[in-house]
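In what follows, a single structure is set out as structure tokens and then discussed.
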Protein chains: 2
Amino acid sequence: MVSLKDVAQRAGVSIKTVSNVVNGYQHVTPAMRERVQRAIDELGYRPNLTARHLRKGRTGIIALAVPELGNPYFAELAGAVIDAAAQHDYTVLLDHTGGRRDKELLVCQGFRSHVMDGLILSPIELESADLLARTESSPLVLLGEREYDAPFDHIAIDNVAAARSAVRHLIDLGRRRIAFLGARRESAREPAHLRLRGWREELTAAGLPADDALVVATDGYGREDGARAMAALLDGADRPDAVFAYNDTVAIGAMRTLADRGLRIPEDIAVVGFDDIEEGRFAGVPLTTISPDKEAIARLAVDCLVERLSGGASTEPRRARPGHRLVVRESTAGRA
Amino acid sequence: MVSLKDVAQRAGVSIKTVSNVVNGYQHVTPAMRERVQRAIDELGYRPNLTARHLRKGRTGIIALAVPELGNPYFAELAGAVIDAAAQHDYTVLLDHTGGRRDKELLVCQGFRSHVMDGLILSPIELESADLLARTESSPLVLLGEREYDAPFDHIAIDNVAAARSAVRHLIDLGRRRIAFLGARRESAREPAHLRLRGWREELTAAGLPADDALVVATDGYGREDGARAMAALLDGADRPDAVFAYNDTVAIGAMRTLADRGLRIPEDIAVVGFDDIEEGRFAGVPLTTISPDKEAIARLAVDCLVERLSGGASTEPRRARPGHRLVVRESTAGRA
DNA sequence: CTGAAAGCGCTTACAG
DNA sequence: CTGAAAGCGCTTACAG
């Protein structure tokens, strides 16, 4: 491994001068710069980032922890974060928590923290108390639907408004028994809380009953969960005429069950998802969904972190609200 | 930030003793260990990995570079690599190349290399010459279908055999005009080369013509590419009665086009994919596919890298062949 | 079983 | 505009 010292020796200058050239320091004579550059090229020198970072106290790495890479939403989001980070010369360390509290805690408490400058976390089970107990000092940016009483930056679309527009769309199509798939647990802060609230609010505003029998809990948010939830719903007393799913993977699982039971989408039951993953666009029946602006989410999260890292941000926690829109496809609108 | 020195001071011992305790060194008296541990707990000390790694010359990070995180195969694979790496206390830096040669070169040539101990790369456009020209000394493990004349570890299933079993399956079902979707470029080393060869070999073995009109090139391997390729095929002179796609996303795009044109799967055209992503299992018509053992691929790649990093591996490049199997679903077999 | 010193490769004040 | 020195936090021989 060739170091600054080797280059300095070769060029017959001090280490400092080489460092100046490497870092593009202004006041170096062209002749000197060229001489040093030649030595660099000849030796194939490349700076050791580990050493640089030890000295500067920063690593140039930010970590991104999502629940599940198998959910295309998070895979697509991760890609966007990697690109946004590259704009600021940051590299992304990726981790997945499985949505399990112990892993989320580990990540949040700074597991491997010395290796990264900051963390972007999309939590599922973490509670406000967990965040408040955090001792790790590096900046943390939260992503996603859960709301916390804790002083951290938080990037999330307006989930209530988005859910309401999805339900509104179904009501406008004449649907009256609109189920919600993917609720979880009792806590007022549960993951699906805001989307469920949007569902309830919009039904109420339309003068329709928000029937609890139409709310189906799931263990997780995968396709299998959606398939099972839909089956449970169909086995129940009153069949719904529409389904609003927590996310696209749940919706796709639900559509699988509908197809297996020989029910038509949207004629018998209309389906709306949430996330706008590409899979939904290519589904057997293309899926109507809420499309969050993933690029904006990624950009805002990275910008937030970078600002805090360069000390430019206020101490106030920032709340950013990227945009979203309803994308209507055949799962609600029928063939053109 | 609290350092070893702070802990040593607090405990009234030397830095070395603290280091011994932190690293679980054997020969420390229990009393001393307890005393130091108390100081560690009181101060909330955590080792600075950057410093440790500078000293040891290793970072504990391995990089994984895949073409596209938006392709669920790579997202699922990345998840498996992260888990396999965690078993060895390694963390994963994730990058995507977009399958573009310049980005692949950058990654392979050691962009940010000082930050990672080794690289797992799934190349698309890279050539053997690029690999031979690599100056970076850290270990590199290659993943995926492309074959290289270069001395690097390579993990890949037997693509020819897998492709043959897919085509065999279609022939056994009585199909005679079996198209291949997702060829690319002319080079004998092109990405789809092996699967295409498998297609050709199996047809020939069955005494069927391997008609070039049935081979459709695509720009990439996404759903959109598959949809366009299928449309081109249907617009051609002779309609096929089956399609073998380069991968599942291409197959899913093809199925979208078939549905749009009102063709029945598998009655009119049977479809087989490659990768066994979960999306295929939940597709409008569940997709028959080749299922590579992703966990084995991830484990073998990480093991390979870790072995080289600990100096235990022979200098011989290793070629590992994880298993695969054909998973038959409705896109070829029809409803049960 | 524990301590004092050197050094991993870099950058940051401080001189000149 | 360039150099010599100190130090980021750790581990690794080397003494004792």
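All chains are named by letter (A, B, ...) in the order of the sequence lines, taking the proteins before the strands, and each is independently numbered beginning at 1.
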Kindly write out the residues that satisfy salt bridge (Lys or Arg N to Asp or Glu O under 4.0 Å) with B:R101, not counting sequence neighbours, or none if the list is empty.
B:D130
Across all chains, not counting sequence neighbours, the salt bridge (Lys or Arg N to Asp or Glu O under 4.0 Å) partners of B:D275 are none
Once side chain to side chain donor-acceptor pair (under 3.5 Å) is applied, do any residues pair with A:D293, and if so which ones, sequence neighbours excluded?
none
What is the minimum heavy-atom distance between B:L54 and A:L54, and which atoms define it?
CD2-CD2, 3.3 Å
With sequence neighbours excluded, what pairs up with A:D102 under the salt bridge (Lys or Arg N to Asp or Glu O under 4.0 Å) test?
A:R100
Both distances under 3.5 Å, Watson-Crick or G-U wobble: on that basis, could you give the dot-bracket string for DNA chain C, with [ ] for crossing pairs and | for other-strand partners?
|||.||||||||.|||
Can you list the residues that meet the side-chain contact (heavy atoms from CB on, under 4.5 Å) rule with B:E42, with sequence neighbours excluded?
B:R10, B:R38
Once side chain to side chain donor-acceptor pair (under 3.5 Å) is applied, do any residues pair with A:T17, and if so which ones, sequence neighbours excluded?
A:S14
Does anything in residues 73-86 of chain A form a salt bridge (Lys or Arg N to Asp or Glu O under 4.0 Å)? List the pairs, not counting sequence neighbours.
A:E76-A:K294
Side-chain donor-acceptor pairs of residues 63-70 of chain B under 3.5 Å, sequence neighbours excluded:
from, atom 1, to, atom 2, distance (Å)
B:E68, OE2, B:G70, N, 3.4

Sorted by chain and number, sequence neighbours left out, side chain to side chain donor-acceptor pair (under 3.5 Å) with B:N159 holds for B:R195
Please encode protein proximity along nucleotides 8-16 of chain D as a string of B, S and -, counting only heavy-atom distances under 4.0 Å.
BBBBBB---
DNA chain C-proximal residues of residues 28-39 of chain A, any heavy atom under 4.0 Å:
none
